[in-house]
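Structure first, then comments.
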Number of protein chains: 2
Amino acid sequence: MHLTTKGKYAVTAALDLAMHENNDFISIADLSLRQSIPGPYLEQLFRNLRKAGILTSHRGPGGGYKLSRPSNEIKIGQIISAVEDRMDATQCSGEGNCSAGSKCLAHNLWTDLNNQVQSFLMDRSLEDVLRDSNNKSLTLNNNKKLLIAAG
Amino acid sequence: MHLTTKGKYAVTAALDLAMHENNDFISIADLSLRQSIPGPYLEQLFRNLRKAGILTSHRGPGGGYKLSRPSNEIKIGQIISAVEDRMDATQCSGEGNCSAGSKCLAHNLWTDLNNQVQSFLMDRSLEDVLRDSNNKSLTLNNNKKLLIAAG
DNA sequence: TATATTCTTGACAAGATTTGTCAAGAATAG
DNA sequence: CTATTCTTGACAAATCTTGTCAAGAATATA
Ligand code: FES
Ligand code: FES
């Protein structure tokens, strides 16, 4: 199970696109600047997201990328599967044969872990994460203000 | 978040030790053979497990390793933290500063994922996994027998 | 004591993956 | 026509994973 910067960058960039859902197209240059992601690297990741039908692109001046569906219909898990290729936690790729041809003692454990993580990632849309991020950040700011007022 | 063969081998080896909890000490040679794990590699992993207080060792003929506590008091998560050093899913190592010094849009998402995975791994002892593995395997065998009988 | 066994420690190396870059080309707006 | 922006393929540096090895220390047993 490898969740690398590929997956993290891809999700962050997608969240940025979700935030600006009303805008037309957003260029890699803008995204790269706003989210501190190396441009040419993001380029590479966006190939996969486009191939997976998550992003739509447009060339030329004013061109760029946007989500191909509303942000509440795109799940974090879909983004990650599009760019990560080693998310499976089993040693046997699900074949159940990693201990001299048969199931190792931990096979069911890794399978359960896979399901757990997949559920987590597939249960959350871009919209969900954005809303959640705002809520917690607001709470944090309120607490800080209270503390400052009290101190 | 990187779960590599290090963690998987370590857990499998620990499960083997848990299965033979009554025996005295088990040598790396035996473990390596039974679980199809490269001996010298396991050696390296066991250093960490010993340092973490999970294993006890004894040198000389008849020596080897055994669990330092009953198998129901050792959690999968403890084994994994002992050998894996990149389990954290956040990009910022929890600092909340990976987007030009402040929290990126996905920070809370990765933090939640961390908690989810940690809970999963810390809720399961070696004994739990062993029992679970046996149950499912028995169920599977029963079903197979029924199918064979019916076919 | 001599010997075979087994862990202990430190270091090293091959291979794979990740991370990031680049350049040439195609499409498009103005 | 020109500047912009994606598109594609390839490449390279850095890092990590995976696995190996050898010399040494401890211990059981004859
Ligand atoms: S992980 Fe599937 S058999 Fe070992
Ligand atoms: S993951 Fe923590 S700030 Fe981005």
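Note on naming: letters A, B, ... go to the chains in the order of the sequence lines (proteins, then strands), and numbering restarts at 1 for each one. None of these values were measured; they are calculated from a predicted model. Below, all heavy atoms of this structure are taken into account, side chains as well, without hydrogens, waters or symmetry copies.
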Give a yes or no answer on whether the side chain of [X] reaches the backbone of [Y] with a donor-acceptor pair at less than 3.5 Å.
| X | Y | value |
| --- | --- | --- |
| S68(B) | I54(B) | yes |
| S93(A) | E95(A) | no |
| S133(B) | V129(B) | no |

Short side-chain N/O contact from S57(B) to OP1 or OP2 of dT8(C), under 4.0 Å: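 Yes.
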Short side-chain N/O contact to dC21(D) OP1/OP2 from Y41(B), under 4.0 Å: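 No.
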Any residue of residues 2-20 of chain A with a heavy atom less than 4.0 Å from an atom of DNA chain C: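 Listed by number, they are T4(A), T5(A), K6(A), Y9(A).
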Could you tell me how far apart [X] ([atom1]) and [N] ([atom2]) are, to the nearest whole angstrom?
| X | N | atom1 | atom2 | value |
| --- | --- | --- | --- | --- |
| D30(A) | dC6(D) | CG | C1' | 14 Å |
| D85(B) | dT18(D) | CG | P | 12 Å |
| M1(A) | dT17(C) | CE | P | 17 Å |
| D24(B) | dT6(C) | CG | C1' | 14 Å |
| R86(B) | dA14(D) | CZ | C1' | 12 Å |
| L45(A) | dT8(D) | CG | P | 15 Å |
| L33(A) | dT5(D) | CG | P | 13 Å |
| I28(A) | dT8(D) | CD1 | C1' | 13 Å |

With distance as the sole criterion, is a donor-acceptor pair present between the side chains of [X] and [Y] under 3.5 Å?
| X | Y | result |
| --- | --- | --- |
| T12(B) | Q35(B) | no |
| S125(A) | D128(A) | yes |
| T5(B) | Q91(A) | no |

Proximity to the side chain of Q44(A) - top-ranked nucleotide from dT21(C), dT6(C), dT18(D):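 Among the listed nucleotides, the one closest to the side chain of Q44(A) is dT21(C).
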Stepwise salt bridge (charged side-chain N to carboxylate O under 4.0 Å, His left out) check, R131(A) with E127(A): CA-CA 6 Å; R131(A) 187 179 340 106; E127(A) 189 188 57; 3.7 Å; yes
L15(A) and L109(B), any side-chain heavy atoms less than 4.5 Å apart: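 Of all side-chain heavy-atom pairs linking L15(A) with L109(B), none is under 4.5 Å.
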Qualifying ring pair (Phe, Tyr, Trp, His ring centres under 6.0 Å) pairs, either residue in residues 40-60 of chain B, two or more places apart: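 Residue pairs with at least one partner in residues 40-60 of chain B: Y9(B)-Y41(B), F25(B)-H58(B), F46(B)-Y65(B).
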Determine the contact category for [X]: base if any of its heavy atoms lies under 4.0 Å from a base atom, sugar-phosphate if only primed atoms, P, OP1 or OP2 are that close, otherwise nothing.
| X | value |
| --- | --- |
| F46(A) | nothing |
| P40(A) | base |
| F25(A) | nothing |

B/S/- contact track for nucleotides 23-30 of chain C, protein heavy atom under 4.0 Å: B-BBBBB-
Sole residue of I26(B), I28(B), L33(B) in side chain to side chain contact (heavy atoms under 4.5 Å, CB included) with D30(B):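 Among I26(B), I28(B), L33(B), the one that satisfies the side chain to side chain contact (heavy atoms under 4.5 Å, CB included) with D30(B) is I26(B).
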Of E84(A) and G39(A), the one whose closest DNA chain C nucleotide lies more 5':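 This one resolves to E84(A).
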P38(B) or G63(A), whichever maps to the more 5' nucleotide of DNA chain D: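 Nearer the 5' end of the strand: G63(A).
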